Amino acid sequence: MVATTTTTTTIAAAYFPAFPHSILSPHPPSTRPSLPYPSKPPSSSPISSLSLSVPNKPKPTPIAFSAQIVTNPLPQNHATSSDTDGPPTENHFNLLRTSVRYNDVELAKAVHASALKREEPKTTLSNALVSAYLKLGLTTDAVRVFRQCLSCPDVVLYSTMISGLAKSGYELEAVSLFFRMRKTEIEPNEFSFVAILTACNRLSDLELGFQVHSLVVKMGYVGFTYVSNALMGSYSKCGRLDFVLQVFDEMPERDVVSWNTMIAAVVKESMYDWAIELFRDMQRVDEFSADRFTLSTVLVACAGGRNWNGGRQVHAHGIRMGFQPTLNVNNALIDFYTKCGSIRDVETLFESMPVKDIITWTEMITAYMDFGLVDLASESFDMMPEKNCVSYNALLAGCCRNGEGMRALGLFCKMVEEGTELDEFTLTIVINACGLLTDMKISEQVHGFVLKCGFGSNSNCIESALIDMCTRCGRMDEAEKMFYQGLDNVSCPINWTSMICGYSRNGKLEEAISLFCNRPSEEVVVDEIALATVLGVCGALGYHVFGKQIHCLALKIGLLNDTGIGNTLTSMYCKCGNLEGGIKIFDMMSTHDTVSWNSVMGGHLLHRQGDGALDLWSKMEKAGLQPDEDTLRLVISAYGFTDSNLVEKCRILFLSMRTTYDIEPTPELYAAFVGVLGYWDLLEEAEQLINSMPFEPNATFWRALLDAGRISLNTRIGAMAAKQILALEPLDPSTYVLVANLYSASGRWQCAEKTREEMRKKGFRKIPSRSWIINENKVHSFYTRDERHFQSRDIYSAIDVLILECMKSGYAPDTSFVLQDVEEYQKKDFLYYHSAKLAATYGLLTTKRGEPIRVMKNVAICGDCHTFLKFVSVVVRREIMVRDSSGFHVFSKGQCSCKDYW
């Protein structure tokens with residue numbers, strides 16, 4: 001049937017380049033003979049007392065073809081090339097077909113022996129024998145028969161042999177044999193082209209595919225539908241959808257396979273909407289009825305595009321066409337309802353299936369895992385009548401997706417003990433499970449196991465997973481060693497992204513930005529993960545200028561419409577002090593998820609704008625969006641930055657979240673409510689709330705109460721909270737620092753020194769107060785009384801002048817913030833050169849007049865620095881922005897945006 005010209009044809013002609021039409025010579029390309037034969041995989045080694053099944057499928061043994069006939073390769077009474085005693089019996093052909101149908105090797109060999117005894121002509125029976133041996137996996141026997149016929153081969157024998165070799169894993173030998181056939185001047189036919197294109201497909205050899213295509217055009221076989229189908233399959237495997245479309249549009253006739261190949265090629269490129277349109281065109285233009293392969297592929301497109309209505313229509317169409325009971329269609333339906341429906345839809349379909357195979361059970365496990373039903377997935381796995389490596393991997397991957405790292409590790413150990421086959425995907429999953437556990441010792445054991453298996457240097461995915469695991473388990477030295485051990489690792493996009501994430505995860509923010517900027521080559525693609533990570537680093541550092549450059553890069557490479565990138569951009573601008581920029585990004589986003597709302601709400605809270613966060617909460621409620629735990633935590637915290645009259649609304653929200661939003665109050669939600677009560681000086685109520693919780697309070701609650709007691713100068717609450725913290729976290733260095741500071745504040749210097757001495761004996765170190773400012777694309781860090789900066793002399797001279805000018809305006813150093821037992825003049829010396837003062841002074845020296853000074857700090861700003869910077873904003877008439885652990889302080893005209901509450 002001649003295909004009707006469609007709009008698709010016009011588009012292809014306009015935008016896609018024409019094919020190269022070089023003529024295929026009878027000799028192979030110069031590069032082909034040097035290609036090695038497939039090699040055998042390395043043998044595995046036992047790990048401790050456990051044996052490991054090598055996951056690689058063994059490659060076939062190389063086959064060499066010779067023009068010389070081997071002496072007696074078959075039984076001695078085999079017929080010679082001159083045998084012409086009449087045709088073989090029809091019974092021989094029937095028996096060969098039966099041997100293939102029932103996989104009966106002995107029957108095929110018996111037929112072969114019978115033919116030899118009868119001295120039947122091999123030129124008639126050899127094709128059937130070669131075909132039967134190849135289908136039975138007896139490649140060596142097929143080659144022996146073929147070599148006996150080299151004195152009088154025909155195109156059918158060559159085509160059969162080429163096709164069988166290509167399908168048996170001997171792709172290079174199939175290509176070599178095709179060139180041998182061309183050299184002997186035997187012209188290929190349509191079946192020869194399908195055979196050689198099968199080899200091109202499996203080799204993903206685009207250049208060879210071009211040459212075969214040229215020969216197809218030259219010899220006039222381009223009009224054969226199944227040759228064009230094979231060409232489309234080869235181009236699709238090489239990722240050339242443009243050529244697939246051109247072949248499809250130029251076909252004089254199409255069949256169902258043509259449409260299926262075209263639809264599958266489009267689905268492979270994730271063009272799901274186009275695949276559904278092609279499915280409709282198939283029925284409208286060529287009036288073909290879909291088969292089970294069509295329906296399965298279109299269902300994959302509906303699942304990938306989350307097209308609920310389209311998938312339901314395809315399901316209904318399958319029922320009308322009588323395809324519902326077909327196993328592969330039902331398997332595709334399970335995948336579709338897993339991604340677009342409910343678990344009830346999946347279970348109903350699964351229970352109604354009359355026949356289930358291992359793929360069905362595996363997809364059911366995946367469905368349960370995707371819906372978070374880990375126990376039901378495990379039960380389904382136990383009920384499976386047959387299990388393989390893929391089903392084990394589905395269970396392992398599901399455990400990791402649901403945060404069950406230890407469960408995944410236990411299942412992996414069971415696999416190894418039982419001798420179950422392991423593949424690279426299995427090892428990648430168990431490496432990721434170790435990353436979830438963040439246990440250094442376990443990660444070292446699994447790392448060693450993987451290296452002994454021989455996969456460590458053979459798979460980029462495993463290399464990347466190992467790097468990611470090491471960074472999650474605090475093994476940054478090993479991660480860097482793996483990453484920099486070879487050029488291939490450095491230039492691998494996955495490894496590059498994993499290393500950037502690792503630096504960010506371990507607080508090496510400047511290293512993360514440096515690695516991102518020093519991309520090894522243009523071939524390393526910047527993906528969403530790398531961009532999101534670097535944007536997060538810019539937010540953490542307050543690197544506003546570089547964050548804007550990443551924003552431009554996201555726009556340039558077409559990732560700005562990605563919801564995840566939009567969320568990280570919103571968060572980055574808010575953390576850099578540009579709340580207006582964050583709100584603008586949020587408003588420009590085409591779609592919002594819960595994280596989007598949480599990001600902009602969190603930005604309002606960083607800037608202590610509780611009313612703005614509550615306005616967003618109102619809009620979210622009106623839109624009918626379901627909040628998550630983080631949303632409610634932010635909303636509760638927002639009431640701490642509003643009017644005290646709204647505390648009652650906060651109580652109502654906290655007490656009704658279980659019934660209204662079906663969210664159980666978690667420790668984090670309790671801690672947020674405790675913080676709000678403490679902010680409004682309702683300390684007794686906060687204490688009662690902690691004591692009445694349905695679970696044991698952790699240090700987070702007591703720290704919130706301690707902070708409220710510090711600000712309210714409630715010594716009883718502060719002392720009680722400090723005692724609880726010390727009991728709960730005796731190994732936390734910050735707890736010892738807290739107790740020492742409390743002793744110092746009350747003048748108990750000996751007790752404070754005793755606490756610090758205990759810290760030193762246990763090897764604890766206080767996290768030093770650090771402030772930094774970014775100037776000329778470089779992070780300039782300062783610590784208290786830090787003189788390591790190359791401009792320290794200028795900075796100290798300027799700060800001395802600032803202190804004198806501020807004193808003239810009324811500033812008086814508050815030495816109560818010095819928690820060391822030293823003389824008064826020494827206390828003032830400590831106060832003058834705190835890290836925040838040094839960073840702000842450097843900013844005054846290096847920024848242009850009129851620009852705000854942005855200072856970042858890793859801990860809460862002390863009271864004296866807070867007071868000092870208010871006076872500085874008056875003396876220099878500049879706006880100074882400081883972000884500490886509690887949020888932003890914007891100092892302007894002698895006032896602070898926090899209203900002196902932090």
Side-chain angles (χ1 to χ4, degrees), residues 57-58 60-61 63 65 70 72-81 83-150 152-171 173-174 177 189-192 194-196 198-199 202 226 229-230 255-257 291-293 325-328 354-359 385-386 388:
K57 179 181 178 181
T61 306
I63 298 174
F65 295 99
V70 179
N72 293 332
L74 300 174
Q76 292 183 359
N77 52 357
H78 189 284
T80 64
S81 60
D83 293 328
T84 55
D85 295 342
T89 64
E90 185 66 25
N91 189 42
H92 283 164
F93 291 104
N94 291 334
L95 289 174
L96 285 174
R97 284 191 288 267
T98 301
S99 68
V100 172
R101 184 180 303 115
Y102 295 101
N103 198 30
D104 193 334
V105 174
E106 297 301 326
L107 178 59
K109 290 187 175 181
V111 172
H112 191 179
S114 173
L116 292 176
K117 289 179 181 179
R118 293 169 56 88
E119 297 186 353
E120 292 179 346
K122 65 181 178 182
T123 53
T124 308
L125 190 61
S126 57
N127 290 340
L129 278 170
V130 168
S131 178
Y133 278 143
L134 288 170
K135 291 177 181 178
L136 291 169
L138 303 175
T139 310
T140 303
D141 295 279
V143 171
R144 291 171 67 190
V145 175
F146 176 80
R147 290 168 71 181
Q148 277 296 310
C149 301
L150 283 180
C152 53
D154 59 8
V155 66
V156 177
L157 182 60
Y158 266 109
S159 300
T160 302
M161 196 68 205
I162 293 168
S163 177
L165 289 172
K167 294 175 181 178
S168 301
Y170 295 97
E171 297 88 357
E173 287 82 353
L177 189 59
N189 60 14
E190 61 271 27
F191 302 106
S192 310
V194 172
I196 187 61
T198 301
R202 290 172 177 256
Y226 35 90
N229 292 345
D255 58 11
V256 176
V257 177
D291 61 11
R292 62 182 184 273
F293 300 107
T326 308
L327 185 60
N328 62 338
V355 179
K356 304 177 181 70
D357 61 1
I358 194 169
I359 298 176
E386 179 186 359
N388 62 8

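Being a predicted model, the structure only gives us computed values, none of them experimental.
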Task: Whether S163 side chain and T160 backbone form a donor-acceptor pair below 3.5 Å - done: no
Open item on the list: Quick check: closest heavy atoms across Y170 and T139, and the distance to 0.1 Å?
Closed with: CE1-CG2, 3.7 Å
Open item on the list: Please give me the minimum heavy-atom distance between A174 and I162, naming the atom from each residue.
Closed with: CB-O, 3.6 Å
Open item on the list: So for atom NZ, which belongs to K167, do other residues, nucleotides or ligands contribute more than 12 heavy atoms lying within a distance under 6.0 Å?
Closed with: no
Open item on the list: I need the minimum non-hydrogen distance between R202 and A166, along with the two atoms involved.
Closed with: CD-O, 2.9 Å
TODO: Working to the nearest 0.5 Å, report the span between CG of L165 and OG1 of T198.
DONE: 11.5 Å
- [ ] Supply the atom-to-atom distance D357 CG to L327 CG, rounded to the nearest 0.5 angstrom.
- [x] 4.0 Å
Task: Contact check, side chains of M161 and L157, non-hydrogen atoms, under 4.5 Å - done: no
Task: Minimum side-chain heavy-atom gap S192-V155 below 4.5 Å - done: yes
TODO: For the residue pair F293 and N328, establish whether any side-chain heavy-atom pair is separated by less than 4.5 Å.
DONE: yes
Open item on the list: For a quick test of reading the model, state the closest non-hydrogen atom pair linking N189 to S159 and the distance between them.
Closed with: OD1-OG, 3.6 Å
Open item on the list: Show the nearest heavy-atom pair for residues L95 and L107, with the distance to one decimal.
Closed with: O-CD2, 3.6 Å
